Undergrad: 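Next up is a structure, given as structure tokens.
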Number of protein chains: 2
Amino acid sequence: MNDETRTNSRKDRRRESEKLILQAAEKVFSEAGFGGATMQLIADVAGLPKANLHYYFPTKEGLYRQVVQKIFLDWLKAADVFDNADGPIEGLGAYIDAKMEISRRHPEGSKVWASEVMHQAPVIQDYLETTLTEWTDGRIAVIERWIEQGLMDPVDPRHLLYMLWATTQHYADFNHQIETLNGGAPLSDAQWEAAKQSVKQIILRGIGATPA
Amino acid sequence: MNDETRTNSRKDRRRESEKLILQAAEKVFSEAGFGGATMQLIADVAGLPKANLHYYFPTKEGLYRQVVQKIFLDWLKAADVFDNADGPIEGLGAYIDAKMEISRRHPEGSKVWASEVMHQAPVIQDYLETTLTEWTDGRIAVIERWIEQGLMDPVDPRHLLYMLWATTQHYADFNHQIETLNGGAPLSDAQWEAAKQSVKQIILRGIGATPA
DNA sequence: CCACAGCCTGACCAACTGGTCAAGATTTTT
DNA sequence: AAAAATCTTGACCAGTTGGTCAGGCTGTGG
């Protein structure tokens, strides 16, 4: 009767369960923080008994670590648009669009990351010191090249990056505040478009960006 | 022998103890989040027995509520510079300076606020709907006037405000990440000055602000 | 000097937490 | 078909948490 799920090898089922748990965990951690989240609640959201959850992820900290790592990798990947760009208008414009889209579709991840960093990054400090540092240095070099080529004003690339991160992630981390100030309703398609346009307009004009 | 503290009426002592506890609580809440913070740890930081803490603040939630309220009021007060300004360069410039200074001197408060909003503002939702909404509408009117007067480009005032909040508070909420990317050291005086200048430069130029 | 109201605190408790485990169910391999 | 490996779960435990409370302490007004 029930053969809707065909190719179910033990490995497949395991992967599905782990993904289910990770999704539930991301949601619960983003809503309650690490300290406020409970394994019982994560299990309930995932629709599994708590003991089963511990079978796949022995400790709460280990589960949390995997959630944060996944978020960080997704976020890094989305930043590739930066590389294949000829100038700031194209590159930064696409970067802003990409990060705003993530903030709209997956605000939970951004919140977990923000929470982790705010609490002194007890779990992903090594990522900050290695991967993130390297990534940042690379993009700073790109921006400096654009400045040398006269494609934008001389601006401290580091603070420009912080501004991009802060602004785009704000729409995820503070979505509740933004919704409240929007009369309690989520931003509409048109409002999201206006937000993207506003951010791009102010920043690109702010750095005096010109077409490549 | 010990008469350094002279006028110690019971009311004065009470006020001092409450302030001491509130400061300790703000620190602990900012470091561990509401769920991760414990009354025992707050008591230790304040140097008081836990039972004494419960004498002044019967419940953890009540203590947390007062911490968040105090932060919100301080933050609102610091925004007065907005009002007495003739144009965007003066007004927004002073606002950015003020908020950057708060981020530098009191990052804990900003973190507690961010945490509260990220978790759907369970405690200060009414403030968002009343005080913050009114404040925001008022500043939007000011910005719209500046636009009408031709002192700046037509920009969506709401998204401009979000950008200001996001960027300035980022230096508090993500100070750990910023420090790590700064080689593990806090920003120096000169670096803070550069940060302020960069933010003001990009935003003020981004909105095409001209002197009043 | 006393009495009284407010302040302080060690000891205690019920509720909840992350984590364990043994016994069974299920699937894969032989 | 039977043994081996993997998965599932209810019951359980030790540690921690927010919160209580009785009894002692302290300063103040009479």
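Just so it is clear, the model here is predicted, and its values are computed rather than measured.
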Undergrad: Check every atom of D:dT9, C:dT9, C:dG18 against the side chain of A:T38 and return the nucleotide holding the closest atom.
TA: C:dG18
Undergrad: Given atom OH of A:Y64 and atom C1' of C:dG19, what is their separation to the nearest angstrom?
TA: 20 Å
Undergrad: For D:dC7, does either OP1 or OP2 sit under 4.0 Å from a side-chain N or O belonging to A:Y55?
TA: yes
Undergrad: Does NZ or CZ of B:K60 fall inside the cone over B:F34's six-membered ring, less than 6.0 Å from its centre and within 45° of the axis?
TA: yes
Undergrad: Base, sugar-phosphate, or nothing: which does B:A37 touch, judged by heavy atoms less than 4.0 Å apart?
TA: sugar-phosphate
Undergrad: Among D:dG10, D:dG19, C:dG10, which nucleotide has an atom closest to any side-chain atom of A:A51?
TA: D:dG10
Undergrad: In terms of the angle between their ring planes, are A:H159 and A:Y162 parallel, tilted or perpendicular, with boundaries placed at 30° and 60°?
TA: perpendicular
Undergrad: What is the distance, to the nearest angstrom, from the CG atom on B:L20 to the C1' atom on C:dC8?
TA: 15 Å
Undergrad: Can you figure out which of D:dC7, C:dT9, C:dG18 approaches the side chain of A:Y56 most closely?
TA: D:dC7
Undergrad: In terms of relative ring orientation, are B:F82 and B:Y95 parallel, tilted or perpendicular, with 30° and 60° separating the classes?
TA: perpendicular
Undergrad: Of the nucleotides D:dT20, D:dT9, C:dG18, which one has an atom closest to the side chain of A:K60?
TA: C:dG18
Undergrad: Round to the nearest Å and state the distance from B:N52 atom CG to D:dG18 atom P.
TA: 16 Å
Undergrad: Is B:F57 touching bases, backbone alone, or none of the nucleic acid, heavy atoms closer than 4.0 Å?
TA: nothing
Undergrad: According to the interplanar angle, ranging from 0 to 90°, do the rings of B:W75 and B:W113 count as parallel (below 30°), tilted (30 to 60°) or perpendicular (above 60°)?
TA: parallel
Undergrad: Quick one: A:L41 CG to C:dC16 P, roughly how many Å, whole number?
TA: 14 Å
Undergrad: If you compare every side-chain N and O of B:R14 against the phosphate oxygens of C:dG6 (OP1, OP2), does one of them come in below 4.0 Å?
TA: no
Undergrad: Starting the side chain at C-beta, find the nucleotide from D:dG18, D:dG10, C:dG19 nearest to B:H54.
TA: D:dG18
Undergrad: Report yes or no: is there a donor-acceptor pair, N or O only, under 3.5 Å between the side chain of B:K50 and the base of D:dG18?
TA: yes
Undergrad: When the distance from CG of A:D12 to P of D:dC7 is rounded to whole Å, what number comes out?
TA: 12 Å
Undergrad: Heavy atoms only, 4.0 Å cut-off, all strands: where does A:S17 land among base, sugar-phosphate and nothing?
TA: nothing
Undergrad: Drop me the distance from A:E144's CD to A:D156's CG, to the nearest 0.5 angstrom.
TA: 9.0 Å
